[in-house]
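Proteins come first, then strands; the chains are lettered A, B, ... in the order of their sequence lines, and each starts at number 1. Here the structure is a predicted model, which is why all the values come from computation and not from measurement.
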Amino acid sequence: MIFIREKVIKRLRVFSFICGVFFCILFARVIYMQLIHGNYYLSQSDENRLRQTKIFAARGMIYDSKGRELVNNYPGYAIALQRRKSYSDDLLERLSRVVGLSVEMIKARIQQNKDSYEPIILRTHITPQMLTKFEEERKNLSNVLLMVYPERKYIYNNFGVHTIGYVGEVSEYEIENKLYNDVTVGSIVGKSGLEKYYDKVLRGVDGYTLEEVDVTGSVVRNYDNVRPEPGKSLHLTIDYEMQKKLENFTKRHLENLRRTKKAPNAYAAAVVALDPRSGAIRALLSVPDYNPNFFVEGMTEKQWNTINTDPNLPQLNRVIAGEYPPGSTFKIVTGSAAFEQKKVTLDELIYDGGFHPLVPTMRNAGGEVLGWLNFIRGLAMSDNVYFYELANRVGIDIISKYARIYGFGKLTGIDLPDESKGLVASKEVKRKIWNEGWRLGDTFNAAIGQGFNLSTPLQLAVMLSSVANGGIHYQPYLVENITNPDGTVFQIPKRTEAKHIDVSQTTLNYMQQGMSATTREGGTAAYFRTLPKPIAGKTGTAENSHGRDHGLFVAYGPVDNPELCVVAIVEQGGYGSVSAGPIVYHIFEEYFRERGWLPKHKSLKA
Amino acid sequence: MNKKFFCFDNPKNAVLVCFGLLLAVGCVNVYSASFVYATSEMDNSYHFVARYIMFALASIWAFWVMRKIGYKFFLQQNVLLCFGGAIFLLLGCVLVFGPEINAAKRWLDFGFFHLQPSEFAKLFIVLLSSSMLGKHLLAGRRANVFHAPAGYCILWSIVFAALVFVQPDMGTAGIIFGLPALLCLLAGVRRSQIVLAGIVVLGIAVTFIWHASYRFNRVLMWLDPWQDPTGNGYQMVQSFIAIGSGGYFGTDWGAGTAKLFFLPELHTDFAFAIFCQENGFVGATLIIALFVLLGFALWTIAKRTTDPTGFLLVSGIIFLVVGQAVANMAMVCGLLPIIGVPLSFISYGGSSMFASSLGLGLVLSVYDNECKMEKEQAETAKMEQQSPIERRRSWQIIKGNKR
């Protein structure tokens, strides 16, 4: 055998060497993939097969003071996109046709959500039409989910919208600026009113399911379920019946004012009623209003325009954010200042010659001349000259001080967002705004609540309640308590402690007497006599440079044991007794009827 | 020949152990990889593993039969012709009668199993090449691809490769063409011919790859599968994810996720991926070690074989069994483009396993033959040292033993 063995075996060695090198490379590759990059591939594998689906927590309910549901939830549909590394253009196009969003918007949406494991919610509030389209296309829409979520429902539409507010999807701006805690794109948050103020308690905690899915997205195994924790419910101090009657009456009344040409531009009004014994708000109304369900359901352009381009600003809550000159209602502050400083006595008569001698240009409203007046009559007749004289005696600094004591110029602390502070007239304010020195005329103006003074209706109500209850300052509030879903009390919202304001009992007594006289024969609102219990009130007319004066009326009653303070403002309503007075009258009428002091179904005033 | 091999008494034992372990691992892995698919498609989670076990038993039987028959029987020219003709016919039948699966005709439907003749073609071409090239070596000459005996095997391989290529199955065609080429290299083809062959092969490969876009895509995807993870690179990426996510010790038993239809061909070509996912680095090391051991044992047998045809046969089987396994693992790991090469014994596939077992049987028959020759030589050498009387006595002893 001449088999050239050595040579062949040499070649076999070369082969086996190459083979060995190959094995080494393979081994190195396995080490690289499994040991060095193992975690990366593991996360990829999890992303492949694990699907986390959010279960939306139902927002808490909102009830009125008698337990009637004002806001609840009902099941709505949302279309969401399963998380994937990339999506085919075809899918996005079909999807855009189904949900009515452009492909670019969908892509932007995906981009916004790139850091989460959860499905990307493309559109909430899916209409039945969209649902039909979705079902038709379902075969071609792999990785698209139909999710059920609790959708907010404002049962009585416009009812109490400025109090309750509305919810909406959190915006990019709000996420970036961290205006809400624990939100992701697509989260539903309160956007205004109580929904916003109590968003944290109302929202609840979303749950999720973690499922293992196969390549087509069908569930193989359920790993983990975290049940959602529903939000807490709010119980309001507002009574539905009373608020509803007030709303109806006010709208009707404004229409009457316009029709009878008493106030042709009276489109807006603000009314607030609170309990002077606690600060609980019984009614809060701002007209015009809007339907919060539009915000939840996604509104048409027409709806959007009616809400956003209305010159009467339906979204403005006039009770807490409308700043008006308090007008003659401010005379209570001026009067208190004068009595506290002992610059006047109850029986001292001051002569009204139609103008004040020091600033002769400043006259009474309507140019009346009322002659000699004491305080009670001065307040009841709302005589300007009398209060010019008081202001002349105490000076602007003291008036500002008492305005602040009564709560003007600062937030009342009500549990609503976006409250305004108002403004208290003072020398500094004038310097700041006009850069001019203070003059006596400015003091006179301030004394009767015009000029630089600005206050919200709620501030007036707080002042009024302090007068009515004998000098106790309560923080106004809307939410009586917060309950768990099972009905037990979760929390009573924190309120600042009631405190005595720095005004003596006698002074307050004088104010009460003056206000009581207003509603008696000879006062500016004598028609309140017809009510079964005496009411103390004060009219006001706030100067408005843009049109007719705003009409104000503040009142509390019954006089001997006050249970309700009401402030009403009718924008461009003219005299307060004509425009705002009837609204206040109506509230008391309804209130007394409810208390049993008035027979039911009988109106006192035609 | 009969010397110690590592901790084994001889390389034959090592081969047997590897063979058995690979079948066992394959059995478990086929079940784990296929039960989800089998449950959803066949309504019987044991569908594939039952068949695997059946094929494995048949393979062991064939292995034993081959060992008994001995390789020399198959190297006779008329026997080779017979088998060659049969395989040629079967390959032809595949093209005519074969059912189309995944846009390719590779199988013949025999009711309860599918026969893949191209797997047997691989084995046949190894037999043919070692027979033909062995003649060169026996004559003490280098193999020459342009001369009669060696040229034949190249021609045959081209014919078979062409038949397989049109199925289409480029990977197997490449192997059928490549095996005799490798054996030629081993049998001492001149360098000039090697270079020439290299250029020709490269040219053909490039032409074919350019010619069909899906092949070109496969090459592109091999270079960077992440550029299209949901399209062309999908299989590759999913394979990486499966292997990589195994980590050190893998997932729980049978909890690999690739089987949830993420990775197609899991129980066949991508068996290594799911095995790595479920058994982690430890499992991957075990498989690689088993093949290294098997290769080394076979290599040792080849090295110790004095019969040139036997030597070439064993080398060819090394390329067939171990070479394919390496190629498969490299492909699954992304070191080679995806070509349809099974992982010997681990992948589900009766024909492949059967052919590989036949191959191993032939190797052991070579081994047995060498042992016998060695023993005879030793006997003769011993007898030459003995006195004539003793020699006769020992003959009688041998004869007596034989009786």
Side-chain angles (χ1 to χ4, degrees), chain A residues 1-50 84-89 91 142-143 211-221, chain B residues 36 40 134 137-142 182 185-188 228-231 237-238 240-248 250-251 256-263 276-277 280-281 284-285 288 291-292 295-296 299 302-303 306-308 311-312 315 318-319 322-323 326-327 329-330 333-335:
Chain A
M1 192 170 64
I2 325 155
F3 174 34
I4 35 172
R5 200 159 170 238
E6 300 313 316
K7 193 147 196 158
V8 173
I9 287 193
K10 214 173 99 190
R11 285 208 170 176
L12 184 64
R13 280 227 172 83
V14 174
F15 272 116
S16 51
F17 178 73
I18 293 171
C19 206
V21 168
F22 219 98
F23 265 117
C24 289
I25 294 173
L26 181 64
F27 196 59
R29 173 75 180 167
V30 170
I31 289 178
Y32 172 81
M33 286 174 87
Q34 297 199 296
L35 305 190
I36 299 174
H37 274 235
N39 284 335
Y40 168 74
Y41 286 117
L42 190 63
S43 68
Q44 293 271 314
S45 157
D46 285 347
E47 185 175 326
N48 244 350
R49 73 199 171 91
L50 291 184
R84 283 286 172 271
K85 267 205 137 52
S86 58
Y87 302 92
S88 70
D89 291 338
L91 174 75
S142 59
N143 295 327
E211 295 158 333
E212 182 172 350
V213 291
D214 68 13
V215 74
T216 58
S218 6
V219 178
V220 177
R221 192 159 25 140
Chain B
V36 175
S40 94
L137 294 181
L138 271 173
R141 283 182 289 129
R142 286 163 163 252
L182 282 171
L185 283 182
L186 208 57
D228 187 9
T230 54
V237 165
Q238 291 295 334
F240 288 180
I241 288 173
I243 296 173
S245 62
Y248 282 85
T251 61
T257 52
K259 71 182 71 161
L260 302 171
F261 310 107
F262 286 106
L263 187 52
C276 284
Q277 188 175 36
F281 179 65
T285 312
I288 293 175
F291 278 109
V292 169
F296 199 54
W299 184 75
K303 213 177 69 178
T306 49
D307 174 24
F311 165 79
L312 287 173
S315 310
I318 297 177
F319 295 136
V322 183
V326 178
M329 288 188 278
C333 291
L335 295 172

Checklist outcome for this item: Comparing B/Ala330, B/Gly280, B/Gly295 against chain A, the one with the most heavy-atom pairs below 4.5 Å turns out to be B/Gly280

Checklist entry - Checking B/Phe296 against chain A: side chain, backbone, both or neither under 4.5 Å from a heavy atom? => result neither

Next on the checklist: For A/Leu26 versus B/Leu335, what's the shortest heavy-atom pair and its separation?
Outcome noted: CA-CD1, 4.0 Å

Next on the checklist: Does B/Val292 form a side chain to side chain contact (heavy atoms under 4.5 Å, CB included) with A/Phe27? I'd like the steps, not just the answer.
Outcome noted: CA-CA 11 Å; B/Val292 169; A/Phe27 196 59; over 6 Å; no

Checklist outcome for this item: Scored by heavy-atom pairs under 4.5 Å with chain A, the best of B/Ala242, B/Gly134, B/Gly244 is B/Gly244

Item to check | Region of B/Leu312 in contact with chain A, defined by heavy-atom distances below 4.5 Å | outcome: neither

Checklist entry - Tell me, side chain or backbone of A/Ile36 under 4.5 Å from chain B's heavy atoms, or both, or neither? => result neither

Checklist entry - Relative to chain A, which segment of B/Ile318 carries a heavy atom at a distance below 4.5 Å: side chain, backbone, both, or neither? => result neither

Checklist entry - Taking all atoms of both residues into account, what is the closest heavy-atom pair of B/Cys276 and A/Gln34, and its distance? => result O-NE2, 3.2 Å

Next on the checklist: One pair to check against side chain to side chain contact (heavy atoms under 4.5 Å, CB included): B/Trp299 and A/Leu12. What are the steps and the verdict?
Outcome noted: CA-CA 8 Å; B/Trp299 184 75; A/Leu12 184 64; 3.3 Å; yes

Item to check | Spacing of CD belonging to B/Gln277 relative to OH belonging to A/Tyr41, to within rounding of 0.5 Å | outcome: 13.0 Å

Checklist entry - So which heavy atom on B/Leu186 is nearest to which on A/Arg11, and how close? => result CD1-C, 3.8 Å

Checklist entry - Can you tell me how far CD1 of A/Ile31 sits from OG1 of B/Thr285, rounded to the nearest 0.5 angstrom? => result 7.0 Å

Checklist outcome for this item: NE2 of A/His37 to OG of B/Ser245, rounded to nearest 0.5 Å, is 14.5 Å

Item to check | Closest non-hydrogen atom pair between B/Ala284 and A/Val30, with its separation | outcome: CB-CG1, 3.6 Å

Item to check | A/Phe15 portion near chain B, given a 4.5 angstrom heavy-atom threshold | outcome: side chain

Checklist outcome for this item: Most contact-rich option vs chain B, by heavy-atom pairs under 4.5 angstrom, among A/Leu35, A/Val14, A/Ile25, is A/Leu35

